[in-house]
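Note sheet for the following structure.
A note on names: the letters A, B, ... follow the listed sequences, proteins ahead of strands, and every chain is numbered from 1. For the numbers below, each heavy atom of this structure counts, side chains included, while hydrogens, waters and symmetry mates do not. Worth saying up front: this structure is predicted, and the values here are computed from it rather than measured.
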2 protein chains.
Amino acid sequence: MEKIKIEELSLAVQGLKALAHPARLSILCFLEDQKATVNKLVEFTGMSQSAVSQHLSKMKAFGILKDDRDGNQVYYSVTNPEFKKLISALCCIYTKKSN
Amino acid sequence: MEKIKIEELSLAVQGLKALAHPARLSILCFLEDQKATVNKLVEFTGMSQSAVSQHLSKMKAFGILKDDRDGNQVYYSVTNPEFKKLISALCCIYTKKSN
DNA sequence: TTATAATATTAAATAATTTTAAAGTTAGTA
DNA sequence: TACTAACTTTAAAATTATTTAATATTATAA
């Protein structure tokens, strides 16, 4: 495995930070196999609409999520399947199960 | 792939947070294939001894690193090979290369 | 012993992130 | 056009994380 170069490291850190929040990680898990509207995610997380929107835009900014508007609703989904691998590795560590 | 359960999620978040800092991530990369003393890591990172020590103990607290004392030196190393997979997935995302 | 090298801990100061609350958009509907 | 639903943005307040600086510990060496 190659080392992460120093320039890439700060990107990687930002990527990690974008995941390292309970609301964001649970949203990401939720979106693993489906897209969802902001409202749906507000319901799911129990957070304020504003907070959810801010978390979503942070994940979008770091290229984890993308959004698609349909009328007055906005659907969010995971862009890069590699992020699923990352979540998978996390699962593996924290559930002590292989996958 | 299984979902991360809600109880495990907060552990996973703490694990991610433990990685999501430039000093910590670069230390982790450095330790990927070798153990090292605190002093070595102070040199490598260019940070103060105290700061490095605090970062190391945070990573130790979350089970990412372990330490081994030898005389008056302390060697740090990565505990769980799964963390390497995680770093590997990160590499993959941020270098746009497969591995 | 005393001194020193290597590391850890603590507390205060600073910086970054998150939440809350209040407006502000955008798109559909009466 | 005016209204409402779905969402975003902004700014201030609250919280959490990091750095700094000083002190403490642990083990070896003089």
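Of the candidates D:dT18, C:dT19, C:dA6, the closest approach to any side-chain atom of B:Lys58 belongs to D:dT18. Here D:dA21 is the nucleotide among D:dA21, C:dA21, C:dT7 with the atom lying nearest to any side-chain atom of B:Gln54. Of the candidates C:dA8, D:dA17, D:dA6, C:dA8 carries the atom nearest the B:Tyr76 side chain, counting heavy atoms from C-beta on. Checking C:dT10, C:dT7, D:dT8 against every side-chain atom of A:Val74, the shortest atom distance belongs to D:dT8. You'll find that the side chain of B:Asn72 is closest to C:dA5, out of D:dA5, C:dA5, C:dT9.
The distance between atom NZ of B:Lys40 and atom P of C:dA5, rounded to the nearest whole Å, is 19 Å. B:Arg69 places its CZ atom 11 Å from the C1' atom of C:dA5, with the value rounded to the nearest Å. One interatomic measurement links the two molecules: CG of A:Asp67 to C1' of D:dT9, which rounds to 14 Å at whole-angstrom precision. Atom CE of A:Met47 is separated from atom P of C:dT17 by 16 Å (rounded to the nearest Å). Distance, A:Leu19 CG to C:dT17 P: 14 Å, rounded to whole Å. Distance OH (B:Tyr75) to P (C:dA6): 11 Å, rounded to an integer number of Å. The CD atom of A:Glu43 sits 11 Å away from the P atom of D:dC7 (whole-angstrom rounding). Regarding A:Gln73, its CD atom lies at a distance of 14 Å from the C1' atom of C:dT29, rounded to whole Å.
Residue B:Met59 holds its CE atom at 7.0 Å from CG of B:Leu31, rounded to the nearest 0.5 Å. Between the CG atom of A:Leu56 and the CD atom of A:Gln49 there is a distance of 9.5 Å, given to the nearest 0.5 Å.
In this structure, A:Ser50 and A:Arg24 both approach DNA chain C, and ranking their closest nucleotides by distance from the 5' end singles out A:Arg24. Two residues, A:Asn39 and A:Lys17, neighbour DNA chain D, and the one matched to the more 5' nucleotide by heavy-atom proximity is A:Asn39.
Counting only distance, with no hydrogens or angles, the side chain of B:Thr79 and the backbone of B:Ile64 share a donor-acceptor pair below 3.5 Å.
Close to D:dT16, at under 4.0 Å from its OP1 or OP2, lies no side-chain N or O of B:His21. Contact annotation: A:His55 side-chain N/O to C:dT19 OP1/OP2 distance is under 4.0 Å.
Of the N and O atoms on the side chains of A:Ser50 and A:Gln54, at least one donor lies less than 3.5 Å from an acceptor on the other residue.
Contact annotation for B:Gln49: base contact, defined as any heavy-atom pair under 4.0 Å involving a base atom. Among the atoms of the strands shown, none is found under 4.0 Å from any heavy atom of B:Lys60.
Side-chain atoms of B:Thr37 stay outside donor-acceptor range of the base of C:dT7, with no qualifying N/O pair under 3.5 Å.
For residues 47-72 of chain A, the set of pairs meeting the ring pair (Phe, Tyr, Trp, His ring centres under 6.0 Å) definition, not counting sequence neighbours, comprises A:His21-A:His55.
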